[in-house]
Student: 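Sharing a structure with you now.
Here is how names work: the chains are called A, B, and so on, in the same order as the sequence lines, proteins then strands, and each is numbered from 1. Computed from a predicted structure; not experimentally measured.
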Protein chains: 2
Amino acid sequence: MTYTIGKAAQMINLNAPTLRFYDKEGLLPFVERSEGGIRLFKETDFEWLRLIECLKATGMPIKDIKTFIGWCMEGDATLEKRREMFCERKAAVEQQMKEMQDTLDIVTYKCWFYENAVRLGSNEKAKELLETAMPAEMQARKEKLTAWCCR
Amino acid sequence: MTYTIGKAAQMINLNAPTLRFYDKEGLLPFVERSEGGIRLFKETDFEWLRLIECLKATGMPIKDIKTFIGWCMEGDATLEKRREMFCERKAAVEQQMKEMQDTLDIVTYKCWFYENAVRLGSNEKAKELLETAMPAEMQARKEKLTAWCCR
DNA sequence: TCTTGACTTAAAGTTAGCTTTAAGTATTAG
DNA sequence: CTAATACTTAAAGCTAACTTTAAGTCAAGA
């Protein structure tokens with residue numbers, strides 16, 4: 001069972017030009033063609049595509065994904081390179097998670113601040129609450145957060 | 001105490017052209033100028049800049065940040081709009097965190113898989129371990145993850 | 001006063017990752 | 001066999017967020 005590019009695109013929530021672009025960039029060396037030159041996507045190709053999406057989600061640029069796919073095609077000789085690459089991706093994502101948690105803490109604090117500001121009808125009055133009325137889950141990060149009071 | 005654009009840029013780890021670009025895009029209406037037209041960054045301007053960085057970190061485009069800054073300049077009449085905006089940002093970041101956690105789970109699994117593959121010298125031999133030797137912390141997501149075995 | 005270095009602007013250039021267009025070929029339903 | 005639709009390619013276009021360039025102005029030290 002194979003799929004043309006349009007069907008394949010539908011199935012993974014991309015569009016056909018994007019898949020052609022990936023192919024042109026060297027991300028899809030495993031996709032075979034019909035005699036007439038039509039791309040035929042196999043079931044296993046969808047595993048590759050999901051993996052590509054995963055690597056994109058880690059923030060990996062297309063060129064590096066291409067390099068990785070190339071290693072996969074070379075076989076077991078490149079296992080160590082691939083292991084290293086995934087370690088680096090893991091570290092990168094963990095770093096991004098940390099930064100995003102910091103951002104979330106600030107935004108959560110802002111939500112609380114603006115709820116008060118709206119209730120009291122004024123930014124200035126909300127500021128007066130800062131020392132006294134901060135919820136428990138924010139107290140731990142109070143020092144970090146009170147620098148964020150003003151806007 | 002005020003700072004020229006070069007000093008200010010250094011202090012917040014941006015560069016001067018980027019700050020000029022932000023200004024041109026309407027993100028820095030609060031920055032005042034000398035008689036000769038030189039931008040003078042005040043202490044409070046750095047609070048604004050940190051807030052802009054925070055909103056950028058949530059994935060907010062510059063145009064929307066500009067809108068928000070505009071609301072701030074209008075005063076307490078826009079408090080409700082600003083509260084809503086922060087709620088939306090909070091939801092957006094929470095969503096991003098969830099997606100990143102899913103990505104991290106897959107990449108963590110990949111690291112484990114490739115450690116085995118390298119140790120055993122072969123992708124195929126590593127696959128044989130999948131059913132028997134998956135670490136406890138991955139067992140919970142086993143069904144999700146075993147679909148990711150191959151590369 | 002002069003030089004130097006940092007500032008000013010407008011406008012053009014860059015990068016990543018698509019997305020669209022144009023011209024043409026292949027496949028399938030009737 | 002024909003028409004309609006989906007595919008093919010190369011190349012141009014798009015968007016966001018800068019970044020660089022060019023030409024000129026401002027400010028501080030010798």
Student: Atom CG of B/L19 to atom P of C/dT9: distance rounded to whole Å?
Tutor: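 Spelled out: CG on B/L19 to P on C/dT9 is 12 Å.
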Student: Distance check needed: D/dC7 C1' versus A/E35 CD, whole Å only.
Tutor: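 Rounded to the whole Å, the gap is 16 Å.
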Student: If you look at every strand shown and take non-hydrogen atoms under 4.0 Å, does A/K56 touch a base, only sugar-phosphate, or nothing?
Tutor: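 Answer is sugar-phosphate: A/K56 comes under 4.0 Å of backbone atoms only.
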Student: Would you say the ring centers of A/F30 and A/F41 fall short of 6.0 Å from each other?
Tutor: no
Student: Just how far, in rounded Å, is P of C/dC18 from CG of A/N13?
Tutor: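 In whole Å, C/dC18 P lies 14 Å from A/N13 CG.
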Student: When you check the phosphate oxygens OP1 and OP2 of D/dC18, does a side-chain N or O of B/Y22 lie under 4.0 Å from one of them?
Tutor: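 Yes, such a contact exists.
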Student: Considering heavy-atom distances to DNA chain D, does B/I62 or B/P17 have its closest nucleotide positioned more toward the 5' end?
Tutor: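 The residue whose closest nucleotide sits nearer the 5' end is B/I62.
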Student: Classify B/R20 by what it touches in the nucleic acid, base, sugar-phosphate, or nothing, heavy-atom distance under 4.0 Å.
Tutor: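 Base contact.
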Student: May I ask you to evaluate whether B/R33 reaches the phosphate of C/dT9, defined as a side-chain N or O under 4.0 Å from OP1 or OP2?
Tutor: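 Looking at the OP1 and OP2 atoms of C/dT9, one of them is under 4.0 Å from a side-chain N or O of B/R33.
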Student: To the nearest angstrom, how far is A/K66 atom NZ from C/dG17 atom C1'?
Tutor: 15 Å
Student: 5'-most contact on DNA chain C: A/N15 or A/S34, nearest heavy atom basis?
Tutor: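 Looking at DNA chain C, the more 5' nearest nucleotide goes with A/N15.
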Student: Rounded off to whole Å, could you give me the CE-to-C1' distance for the A/M60 and C/dA16 pair?
Tutor: 15 Å
Student: Between C1' on C/dT15 and CZ on B/F21, what's the gap in Å once rounded to a whole number?
Tutor: 14 Å
Student: Rounded to whole angstroms, how far apart are NZ on B/K24 and P on C/dT8?
Tutor: 13 Å
Student: Does C/dC7 have OP1 or OP2 sitting under 4.0 Å from an N or O in the side chain of B/R39?
Tutor: no
Student: Taking atom types as modelled, is there a side-chain donor on A/Y3 or A/E43 under 3.5 Å from an acceptor on the other?
Tutor: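 Short answer, yes.
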Student: In whole Å, I'd like the distance from the CG atom of A/L40 to the P atom of D/dA6.
Tutor: 17 Å
Student: Could you pick out which residue, A/G59 or B/K7, lies toward the 5' side of DNA chain C when each is mapped onto its nearest nucleotide?
Tutor: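 On the 5' side of the pair lies B/K7.
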Student: Ignoring hydrogens and angles, state whether a donor on the side chain of A/D64 or A/T67 is under 3.5 Å from an acceptor on the partner side chain.
Tutor: no
Student: Is there a donor-acceptor pair closer than 3.5 Å between any side-chain N or O of A/T108 and the backbone N or O of A/L104?
Tutor: yes
Student: Can you see if the side chain of B/T4 gets near the phosphate of C/dC7 - specifically, an N or O under 4.0 Å from OP1 or OP2?
Tutor: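 Yes, such a contact exists.
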Student: Hey, do the aromatic rings of A/F68 and A/F86 have their centres closer than 6.0 Å?
Tutor: yes
